[in-house]
**Student:** 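Structure incoming, see below.
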Amino acid sequence: MVRGSSRSSAQKGHPFGRRPTGGWADVMWDWSKSGTRHAARNRLLRRLPGVGSATAYRFGLVERAHYAYGVRRATESAARLGHRGVTVVEFGVAGGNGLLALAEHARHYAAATGVTVRVVGFDGGVGMPPAKDPRDLPYLFGPGFYTMDHERLRARLGNAELVIGDLARTLPDYLDTRALELRNHPVGFVALDLDHYTSTTTALELFRRPDHEHLLPRVTCYLDDLPGTVEQIGEAAAIAEFNAAHPDRAIGRVLGLRAFTPFDPPWADQIYVHHRLHHPDYAHLETGATGDQLPLAP
């Protein structure tokens with residue numbers, strides 16, 4: 001039954017004019033989608049007796065497991081390459097829930113690997129800016145979406161950094177003024193959650209610079225706003241444009257990741273890796289990354 005007119009939610013996927021009421025129809029609608037089922041199952045498994053923090057992280061039962069995956073890959077790679085520290089970055093902080101989750105995962109994997117993890121978030125601080133290009137998805141995201149309560153967020157950040165301002169200015173300034181910290185803690189994971197094509201293109205300045213010291217040879221990336229778009233708009237368009245201009249440092253989706261990730265999470269399709277083929281450590285063997293022998297079976 002169609003109820004009174006209401007604005008549809010692109011994020012929740014409710015049909016136009018369908019206002020959620022919390023009844024069985026809405027429960028069935030949510031559970032019909034794999035992402036909802038995956039999140040609910042994880043919350044249920046996390047509550048089972050004997051499922052502690054180590055098990056939750058091993059099987060991806062934590063909140064924002066895609067961020068946990070990125071931090072794990074960054075810390076393990078840094079450790080295998082002999083780095084004592086690594087930096088993880090979120091572009092597009094919004095209210096701050098993602099940055100706080102990133103900091104929590106950083107604490108876990110810092111303790112697990114012995115690698116110090118710096119957490120940095122970049123945001124304009126005033127909600128989303130107006131679209132500058134049709135590829136900025138202006139039909140999905142409007143000016144002022146996703147504002148931030150600065151005081152509340154900063155009170156909970158701990159050691160995580162929050163960089164506020166126009167990314168076209170703050171990112172180059174950060175890379176220049178924090179060069180020493182980034183040499184000692186190269187970037188190993190990046191979450192791109194800027195929604196717009198133009199903002200994502202600006203964030204890719206992190207990878208566009210020719211020097212290598214501020215990055216691991218392979219940087220895991222999570223692209224938040226791919227679902228529901230096409231390759232010619234949004235984050236996908238920014239990535240394609242970057243790859244065309246920089247074939248020696250491409251950003252590509254990890255193929256077959258679902259098959260090697262517990263419980264086949266939908267977010268595995270949004271994990272990419274930036275490969276810097278000319279990085280001095282690119283060919284360094286990361287011992288333990290894969291098996292080294294395949295003996296003939298008896």
**Student:** Does R37, at its CZ atom, have more than 12 non-hydrogen atoms belonging to other residues, nucleotides or ligands within less than 6.0 Å?
**Tutor:**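 More than 12 heavy atoms, drawn from other residues, nucleotides or ligands, come within 6.0 Å of this atom.
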**Student:** Between I233 and L204, is there shared hydrophobic-cluster membership here, with clusters defined by ILVMFWY side-chain heavy atoms closer than 4.5 Å?
**Tutor:** no
**Student:** How about CD on E205, more than 12 heavy atoms from neighbouring residues, nucleotides or ligands closer than 6.0 Å, or not?
**Tutor:**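 Yes - once you tally the heavy atoms of other residues, nucleotides and ligands closer than 6.0 Å, there are more than 12.
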**Student:** Who passes side-chain contact (heavy atoms from CB on, under 4.5 Å) against T198, sequence neighbours left out?
**Tutor:** K132, D133, D136, H196
**Student:** How many angstroms lie between CZ in R258 and CG in D269, if you round to the nearest 0.5 Å?
**Tutor:** 4.0 Å
**Student:** Is there a chain of hydrophobic side chains (I, L, V, M, F, W, Y, each step under 4.5 Å between heavy atoms) that links M128 to L171?
**Tutor:**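 In one cluster: no.
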**Student:** Between F145 and V126, is there shared hydrophobic-cluster membership here, with clusters defined by ILVMFWY side-chain heavy atoms closer than 4.5 Å?
**Tutor:**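 Per the 4.5 Å side-chain linkage, F145 and V126 are not co-clustered.
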**Student:** If we only count heavy atoms from C-beta on, is the I239 to L223 side-chain gap below 4.5 Å?
**Tutor:** yes
**Student:** Determine whether more than 12 heavy atoms belonging to other residues, nucleotides or ligands lie under 6.0 Å from atom CG of D248.
**Tutor:** yes
**Student:** Would you call the rings of F242 and H246 parallel, tilted or perpendicular, taking 30° and 60° as the class edges?
**Tutor:** tilted
**Student:** Output yes when a side-chain donor or acceptor of N184 lies under 3.5 Å from a complementary backbone atom of G85, and no otherwise.
**Tutor:**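 Not at all, since once roles are kept as given, no pair shorter than 3.5 Å links the two residues.
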**Student:** List the steps and the verdict of side-chain contact (heavy atoms from CB on, under 4.5 Å) for F141 and D225.
**Tutor:** CA-CA 11 Å; F141 305 106; D225 298 295; 4.0 Å; yes
**Student:** Under a 3.5 Å threshold, yes or no: a donor from one side chain and an acceptor from the other, between E286 and S77?
**Tutor:** yes
**Student:** So H83 and L216, do their side chains get closer than 4.5 Å, heavy atoms only?
**Tutor:** yes
**Student:** Restricting to non-hydrogen atoms, name the atom on V86 and the atom on V187 that form the minimum distance, rounded to 0.1 Å.
**Tutor:** CG2-C, 4.4 Å
**Student:** Would you check if the side chain of Q270 reaches a backbone N or O of D224 as a donor-acceptor pair within less than 3.5 Å?
**Tutor:** yes
**Student:** Where do V62 and A68 come nearest, in terms of heavy atoms and distance?
**Tutor:**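 Where V62 meets A68 most closely, the heavy atoms are CG2-CB, 3.8 Å.
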**Student:** Around atom CZ of R208, are there more than 12 heavy atoms from other residues, nucleotides or ligands closer than 6.0 Å?
**Tutor:**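 More than 12 within 6.0 Å, yes.
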**Student:** Step by step, would you call L167 with F91 a side-chain contact (heavy atoms from CB on, under 4.5 Å)?
**Tutor:** CA-CA 9 Å; L167 191 61; F91 287 111; 3.8 Å; yes
**Student:** Hey, are the side chains of E63 and R43 touching, using non-hydrogen atoms and a 4.5 Å cut-off?
**Tutor:** yes
**Student:** Using every non-hydrogen atom in the two residues, find where L175 and H214 come nearest and quote the distance to one decimal.
**Tutor:** CD2-CD2, 4.1 Å
**Student:** For the residue pair Y109 and V115, establish whether any side-chain heavy-atom pair is separated by less than 4.5 Å.
**Tutor:** no
**Student:** Quick check on Y139: does its OH atom have over 12 non-hydrogen neighbours (other residues, nucleotides or ligands) under 6.0 Å away?
**Tutor:** yes
**Student:** If every non-hydrogen atom of L192 is compared with every non-hydrogen atom of E235, which pair is closest and at what distance?
**Tutor:**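 Closest pair (atom of L192, atom of E235, distance): O-OE2, 3.0 Å.
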**Student:** Which label fits Y67 and Y222: parallel for a plane angle under 30°, tilted from 30 to 60°, or perpendicular past 60°?
**Tutor:**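 The arrangement is perpendicular - the two ring planes meet at more than 60°.
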**Student:** Report whether L137 and L194 are members of the same hydrophobic cluster (ILVMFWY, side-chain heavy atoms less than 4.5 Å apart, transitive linking).
**Tutor:**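 L137 and L194: separate clusters.
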**Student:** Answer yes or no: is there a donor N or O on one side and an acceptor on the other, between the side chain of R135 and the main chain of Q232, under 3.5 Å?
**Tutor:**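 No, R135 side chain to Q232 backbone: no donor-acceptor pair under 3.5 Å.
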**Student:** Judged by modelled atom types alone, do R276 and H274 share a side-chain donor-acceptor pair under 3.5 Å?
**Tutor:** yes
**Student:** Could you walk me through whether L99 and L157 pass the side-chain contact (heavy atoms from CB on, under 4.5 Å) test, one step at a time?
**Tutor:** CA-CA 8 Å; L99 190 61; L157 279 180; 3.5 Å; yes
**Student:** Are H108 and Y57 an aromatic pair, judged by ring center distance below 6.0 Å?
**Tutor:**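 Yes: the rings meet the under 6.0 Å criterion.
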**Student:** On a heavy-atom basis, which atom in R46 and which in L61 lie closest, and how many Å separate them?
**Tutor:** CD-O, 4.1 Å
**Student:** Do Y272 and L226 come close enough that some side-chain heavy atom pair is under 4.5 Å?
**Tutor:**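 SC-SC contact between Y272 and L226 confirmed.
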**Student:** Ring-plane angle category for H279 and H212, please: parallel below 30°, perpendicular beyond 60°, tilted otherwise.
**Tutor:** tilted
**Student:** Between the side chains of R218 and D281, is the shortest nitrogen-to-carboxylate-oxygen separation below 4.0 Å, so that they form an ion pair?
**Tutor:**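 No.
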**Student:** Does the side-chain hydrogen bond (donor to acceptor under 3.5 Å, both in side chains) test come out yes or no for H105 and Y69, once each step is laid out?
**Tutor:** CA-CA 9 Å; H105 301 327; Y69 172 85; over 6 Å; no
**Student:** For F189, which of V219, T75, V119, L102 qualifies under side chain to side chain contact (heavy atoms under 4.5 Å, CB included)?
**Tutor:**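 The residue from V219, T75, V119, L102 that satisfies side chain to side chain contact (heavy atoms under 4.5 Å, CB included) with F189 turns out to be L102.
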**Student:** With salt bridge (charged side-chain N to carboxylate O under 4.0 Å, His left out) as the rule and sequence neighbours excluded, what pairs involving residues 107-131 come up?
**Tutor:** R118-E161
**Student:** Measure the shortest side-chain to side-chain distance between H38 and W267 over non-hydrogen atoms and say whether it is less than 4.5 angstrom.
**Tutor:** yes
**Student:** Determine yes or no for a side-chain-to-main-chain donor-acceptor pair under 3.5 angstrom, with H150 supplying the side chain and G125 the backbone.
**Tutor:** yes
**Student:** Just so I know, are the side chains of L162 and L153 near enough to count as touching, which here means a heavy-atom distance under 4.5 Å?
**Tutor:**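 Of all side-chain heavy-atom pairs linking L153 with L162, at least one is under 4.5 Å.
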**Student:** For a quick test of reading the model, state the closest non-hydrogen atom pair linking F59 to F263 and the distance between them.
**Tutor:** O-CD1, 3.7 Å
**Student:** When you measure from the side chain of D149 to the backbone N and O of R152, does any donor-acceptor pair fall under 3.5 Å?
**Tutor:**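 Side chain of D149 to backbone of R152, a donor-acceptor pair under 3.5 Å: yes, one is there.
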**Student:** Is any side-chain heavy atom of H66 closer than 4.5 Å to a side-chain heavy atom of R64?
**Tutor:** yes
**Student:** Return yes when atom CZ of R156 has more than 12 non-hydrogen atoms of other residues, nucleotides or ligands closer than 6.0 Å, and no otherwise.
**Tutor:** no
**Student:** Out of curiosity, T201 OG1 to E241 CD, how far, rounded to the nearest 0.5 Å?
**Tutor:**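 Separation between the atoms: 5.0 Å.
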**Student:** Check step by step if side-chain contact (heavy atoms from CB on, under 4.5 Å) holds for F207 and C221.
**Tutor:** CA-CA 11 Å; F207 301 136; C221 302; 3.8 Å; yes
**Student:** Do M148 and Y146 land in one hydrophobic cluster if side-chain heavy atoms of ILVMFWY residues count as linked below 4.5 Å?
**Tutor:** no
